[in-house]
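Below is one structure; the comments refer to it alone.
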Amino acid sequence: MRILITNDDGIHSEGLKALERIARELSDDVWVVAPETDQSGVAHSLTLSDPLRLRQISEKHFALRGTPTDCVIMGVRKVLPGLPDLILSGINRGQNMADDVTYSGTVAGAMEGAILGIPSFAVSQTWSFAVGTEPDYSPAEVLGPDLFRKLMRFHLPRFTLLNINFPDCPPDQVAGVKVTVQGHHEQGGLVIDERTDRRGNAYYWLGFQERSHDPVGNSDLNAIVSNHISVTPLRLDLTAHDLVGLLAAELD
């Protein structure tokens, strides 16, 4: 089995290294094509106005000056000797759940794999974002290999990917796995932090709001709060099928 790994935190991310260790428990044919620099929040973007610069770091390890989507395309179309059997994107430094999945470069890497017809998992590690700390990737490293083997036995429909989030707790405190729906933040998932520089000028940081509960009982947000691994199937068909007939009738 051939596995392609990418991420959005960059080629030097500890999460990428952790994901590669997981992948090597599944296969001895593992390839890494990851962004040269941090690409968090770039979503499913392509680099169209600049050239893609590819740098080989070591055997089967490549850094690309581009987005996670660029990396998957380059890996599949140019770098690998044949199509991968599985694409893993992550492990992201922080959760990717609810509305946040629309901004995520990690999820986008798996989206591109799904577009190409390749089974693809986006993998993220929930984290408090406390200053001076780093995520503990041990829940994914300990529990990921067996979970991934089980998920690989399921035949995903075309244009479908799995979004997997591990809870922020020791592996022995993980309560289990829940298959979830995508949750939603009230008024969106982003907040604006306003600050002032030394000259009195305002400047702003975008950040993600914290939320401990979602009204939808089986959402990804609620699964993580209860220390469960969240596995959410996401489909790339964004069509509002229930409105097609109604809108057509209105315009007729």
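Just the heavy atoms: all of them, side chains too, but no hydrogens, waters or symmetry mates, feed the values below. Keep in mind the model is a prediction, meaning the values are calculated, not measured.
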Lys/Arg N to Asp/Glu carboxylate O, Asp29 vs Arg2, below 4.0 Å | yes
Report the residues that fulfil ring-ring contact (aromatic ring centres under 6.0 Å, His included) with Tyr137, sequence neighbours left out, ordered by chain and then residue number.
-> none
Is the count of non-hydrogen atoms from other residues, nucleotides or ligands lying under 6.0 Å from Asn201 atom CG greater than 12?
-> yes
Flag yes if Leu151 and Ile22 sit in one hydrophobic cluster, no otherwise; membership is Ile, Leu, Val, Met, Phe, Trp, Tyr, and two members link when side-chain heavy atoms are under 4.5 Å apart.
-> yes
Please answer: with hydrophobic residues joined when any side-chain heavy atoms are less than 4.5 Å apart, are Ile3 and Leu143 in the same cluster?
-> yes
Should the heavy atoms of other residues, nucleotides or ligands under 6.0 Å from CG of Leu246 be counted, would the total exceed 12?
-> yes
With a cutoff of under 4.5 Å between side-chain heavy atoms, which Ile, Leu, Val, Met, Phe, Trp and Tyr residues group with Leu247?
-> Leu251
So, does Thr180 use its side chain to make a donor-acceptor pair with the main chain of Asn218 at under 3.5 Å?
-> no
Flag if over 12 foreign heavy atoms under 6.0 Å of CZ, Arg53 | no
Is it true that a side-chain atom of Asn227 and a backbone atom of Val174 form a donor plus acceptor pair closer than 3.5 Å?
-> no
Can you name the closest pair of heavy atoms from Leu26 and Pro145 and give their distance?
-> CD2-O, 3.7 Å
Residues that Glu14 engages under side-chain hydrogen bond (donor to acceptor under 3.5 Å, both in side chains), provided they are two or more places apart | Lys17
Run the numbers on Asp237 and Thr239 for side-chain hydrogen bond (donor to acceptor under 3.5 Å, both in side chains), then give the verdict.
-> CA-CA 6 Å; Asp237 179 6; Thr239 305; 2.7 Å; yes
So salt bridge (Lys or Arg N to Asp or Glu O under 4.0 Å) across residues 138-152, not counting sequence neighbours, yields Arg21-Glu141, Asp146-Lys150
Derivation and outcome, side chain to side chain contact (heavy atoms under 4.5 Å, CB included), residues Trp127 and Gln95 | CA-CA 7 Å; Trp127 175 48; Gln95 68 189 38; over 6 Å; no
Under 3.5 Å: donor-acceptor pair, side chain of Ser45, backbone of Val42 = yes
Scan Leu4, Ile11, Thr6 and name whichever one has a side chain to side chain contact (heavy atoms under 4.5 Å, CB included) with Val32.
-> Ile11
Are the side chain of Thr126 and the backbone of Gly94 linked by a donor-acceptor contact shorter than 3.5 Å?
-> no
Name all pairs fulfilling the salt bridge (Lys or Arg N to Asp or Glu O under 4.0 Å) condition that reach into residues 68-81, sequence neighbours left out, sorted by first residue then second.
-> none
Would you kindly confirm whether Ile57 and Leu16 end up in one hydrophobic cluster when ILVMFWY residues are joined by side chain heavy atoms under 4.5 Å apart?
-> yes
For Ala223, does its backbone N or O pair with a side-chain atom of Ser226 as donor and acceptor, under 3.5 Å?
-> yes
Check: His61/Gln56 side-chain N/O donor and acceptor closer than 3.5 Å | no
Taking only residues two or more places apart in sequence or in another chain, which ones pass salt bridge (charged side-chain N to carboxylate O under 4.0 Å, His left out) with Arg55?
-> Glu36
Selection residues 156-184 - residue pairs positive for salt bridge (Lys or Arg N to Asp or Glu O under 4.0 Å), sequence neighbours left out = none
Look only at the side chain of Gln125 and the backbone of Gly15, and say whether a donor-acceptor pair between them is shorter than 3.5 Å.
-> no
For Cys169 and Pro139, the nearest pair of non-hydrogen atoms, with its separation, is O-CG, 3.0 Å
Side chain Ser219, main chain Asn222, donor-acceptor under 3.5 Å | yes
Considering residues at least two apart in sequence or located in another chain, which fulfil the side-chain hydrogen bond (donor to acceptor under 3.5 Å, both in side chains) criterion with Asp8?
-> Thr106
Taken in chain and number order and not counting sequence neighbours, the residues that satisfy side-chain hydrogen bond (donor to acceptor under 3.5 Å, both in side chains) with Thr69 are none
Asp9 versus Ser40, side-chain donor and acceptor atoms under 3.5 Å | yes
Mind checking side-chain hydrogen bond (donor to acceptor under 3.5 Å, both in side chains) for Asp193 and listing every partner two or more places apart, or none if nothing turns up?
-> Arg195
Pairs in or reaching into residues 243-252: which pass salt bridge (Lys or Arg N to Asp or Glu O under 4.0 Å), with residues at least two apart or in two chains?
-> none
Short question: side chain of Asp220, backbone of Gln182 - any donor-acceptor pair under 3.5 Å?
-> no
Heavy-atom closest pair, residues Thr133 and Ser128 | OG1-OG, 4.5 Å
Minimum heavy-atom distance Ile91-Ser124, with the two atoms named = CG2-C, 3.9 Å
More than 12 heavy atoms of other residues, nucleotides or ligands under 6.0 Å from CZ of Arg65: is that the case?
-> no
Enumerate the residue pairs fulfilling ring pair (Phe, Tyr, Trp, His ring centres under 6.0 Å) with a member in residues 143-171, sequence neighbours excluded, ordered by first and then second residue.
-> Phe121-Phe148
